[in-house]
Amino acid sequence: MARIIGGIGTTHVPSIGKAIAEKKQNDPYWEPFFSGFNAVHKWLAQEKPDIAVVFSNDHGLNFFLDKLPTFAVGAANEYRNEDEGWGIPVSRAAKGDAALSWHLIEGLVNDGFDITMCQEMLVDHAVTIPLNLLWPKGDWPAIVPVTINTVQHPLPSLARCLELGRAVGCAVMGYPEDVKVLVVGTGGLSHQLDGRRAGFINKDFDTLCMDQLSADPEALTRYTIPTLVELAGAQGVEFLNWMAMRGALTGTVSELHRNYHIPISNTAAATLLLANRPRAQRKAA
Ligand code: DHB
Ligand code: FE
């Protein structure tokens, strides 16, 4: 049976792609950020996930404001990237796993999630940057991309995204193939790119969010979307992707590593590694 070995939260700021292309990982500006992935690389080398389910938000490459599903699941065997205008190299395509995608889609719809299913899907920097950060040698696993609308209000609630993740976690556990699955949530943490509060960052709130993700994610569901915008910034709502990632960890969760660095571009850049151990089976009476 498939199992979820853990979850990773990571930023997806496009300028990271430029730093990678220009090999600036050891420059003073970038080093405190990139070195935060060393522990993650070590863990990934030990655990060797076969597939990554990636929760992210599309920024206009695949969906635009005219048609924007709240939740969409890729069901392809390949996901291409295209030029988004950030001045970073177009990424090579990511491999998909359509069989797992369809299994997740069945599970989600059965659980009451009216998702959009995408047999063709472009992936933007919110997928390609995390893949490059997690597997810098290019040995990416196959992915199942799940996009969450964090762009056009009304957005789904924190509670709904946690539930979405749980439904994905349950569906993975019912997948008959013997594969190791990693879940990834991308974006955040606090940031605001435009308007009067451009440059807004909230370290206290980010720290609380990371603490609660392993300890008590349910507690975070008390924040409404307007409150989340206030506390995390207009684009800090990308934390919804992290909530879904956490929801998919249905076993016993423990934090293995975190890095938090300000600033990368105009954001607080966080990296979080959570292990997910299967709960002990209760003995039959
Ligand atoms: C930036 C942050 C984002 O989340 C994003 O999607 C694009 C750009 C930034 O800080 O530049
Ligand atoms: Fe973003």
Side-chain angles (χ1 to χ4, degrees), residues 8-22 24 27 29-30 32-34 36-37 54-65 68-72 74 79 81-91 94 121-134 143 145-153 155-156 158 161 184-203 205-206 209-210 225 228-245 259-272:
I8 296 177
T10 165
T11 175
H12 62 220
V13 173
S15 61
I16 296 163
K18 196 158 184 293
I20 292 172
E22 294 172 0
K24 288 195 170 156
D27 279 18
Y29 178 88
W30 289 103
F33 167 72
F34 279 102
F37 284 86
V54 183
F55 295 99
S56 73
N57 54 299
D58 182 83
H59 297 71
L61 181 69
N62 189 75
F63 301 117
F64 199 57
L65 302 179
L68 192 38
T70 298
F71 301 125
Y79 301 97
N81 175 232
E82 281 180 2
D83 188 1
E84 298 173 66
W86 294 105
I88 59 176
V90 171
S91 170
M121 192 185 214
L122 294 172
V123 291
D124 74 6
H125 65 275
V127 172
T128 60
I129 296 289
L131 289 175
N132 278 309
L133 284 169
L134 299 180
I143 65 164
V146 181
T147 66
I148 296 178
N149 167 32
T150 71
V151 174
Q152 170 139 301
H153 292 256
L155 310 184
L158 282 157
C161 292
V184 180
T186 89
L189 286 180
S190 57
H191 66 295
Q192 173 142 343
L193 300 178
D194 48 17
R196 269 189 299 117
R197 293 203 309 160
F200 175 81
I201 279 173
N202 186 345
K203 183 174 180 181
F205 184 65
D206 289 339
C209 286
M210 286 192 285
I225 293 295
L228 187 60
V229 170
E230 206 176 303
L231 290 169
Q235 283 75 38
V237 294
E238 289 176 344
F239 182 66
L240 292 173
N241 301 322
W242 289 51
M243 273 300 263
M245 172 277 284
N259 188 44
Y260 184 81
H261 179 69
I262 299 169
I264 291 297
S265 180
N266 261 341
T267 77
T271 310
L272 187 70

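Atom set for the values below is all heavy atoms of this structure, side chains included, hydrogens, waters and symmetry mates excluded. One-based numbering, in listed order, for ligands and for the atoms of each.
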Check: Taking the side chain from Asn202 and the backbone from Leu231, do they hold a donor-acceptor pair closer than 3.5 Å?
Finding: yes

Check: So do the side chains of Pro145 and Met121 get within less than 4.5 Å of each other, counting heavy atoms only?
Finding: yes

Item checked: Contact partition for Ser15 relative to ligand 1, non-hydrogen atoms under 4.0 Å -> neither

Check: Can you find a non-hydrogen atom of Gln235 under 4.0 Å from ligand 1?
Finding: no

Notebook entry, point to check: Numbering the atoms of ligand 1 from 1, which are under 4.0 Å from a heavy atom of Asn266?
Noted result: 10 (O)

Check: Any idea which atoms of ligand 1 are less than 4.0 Å away from a heavy-atom of His191?
Finding: 2 (C), 3 (C), 4 (O)

Next item on the list: Report yes if the distance between the aromatic ring centroids of Phe33 and Phe37 is under 6.0 Å, otherwise no.
Entry: yes

Next item on the list: Answer yes if the side chains of Gln235 and His59 hold a donor-acceptor pair under 3.5 Å, and no otherwise.
Entry: no

Margin query: Looking only at side-chain N and O atoms, does Asn81 offer a donor or acceptor that is under 3.5 Å from a partner on Asp124?
Written below: no

Checklist line | Distance-only side-chain donor-acceptor flag, His12 / Thr186, under 3.5 Å | finding: yes

Check: If you count the atoms of ligand 1 from 1 in the order shown, which ones are under 4.0 Å from a heavy atom of Trp86?
Finding: 7 (C), 8 (C)

Check: Using a distance-only test with no angle check, is there a side-chain donor-acceptor pair under 3.5 angstrom linking Ser190 and Asp206?
Finding: yes

Item checked: Residue part near ligand 1, for Leu193, under 4.0 Å between non-hydrogen atoms -> side chain

Check: Does any N or O atom in Ser265 lie less than 3.5 angstrom from one in ligand 1, N or O only?
Finding: yes

Margin query: In the structure I gave you, are the side-chain heavy atoms of Tyr79 and Val127 within less than 4.5 Å of one another anywhere?
Written below: no

Check: If you look at His59, which of its N/O/S atoms is nearest to the Fe ion (ligand 2)?
Finding: NE2

Checklist line | Proximal atoms of ligand 1 relative to Pro14 (non-hydrogen, under 4.0 Å) | finding: 1 (C), 5 (C), 7 (C), 8 (C)

Next item on the list: State the atoms of ligand 1, each with its element, that fall below the 4.0 Å cut-off from a heavy-atom position in His12.
Entry: 4 (O), 6 (O)

Item checked: Region of His59 engaging ligand 1 - heavy atom pairs below 4.0 Å -> side chain

Check: Vertex the Fe ion (ligand 2): angle to OE2 of Glu238 and NE2 of His12, to 10°?
Finding: 100°

Checklist line | Per-atom contacts of ligand 1 with His125, taking only distances under 4.0 Å to non-hydrogen atoms | finding: 5 (C), 6 (O), 7 (C)

Check: Between Asp27 (side chain) and Tyr29 (backbone), is there a donor-acceptor pair under 3.5 Å?
Finding: no

Note to self: Out of all atoms in ligand 1, which are within 4.0 Å of some heavy atom of Glu238? Include the element for each.
What the structure shows: 4 (O), 6 (O)

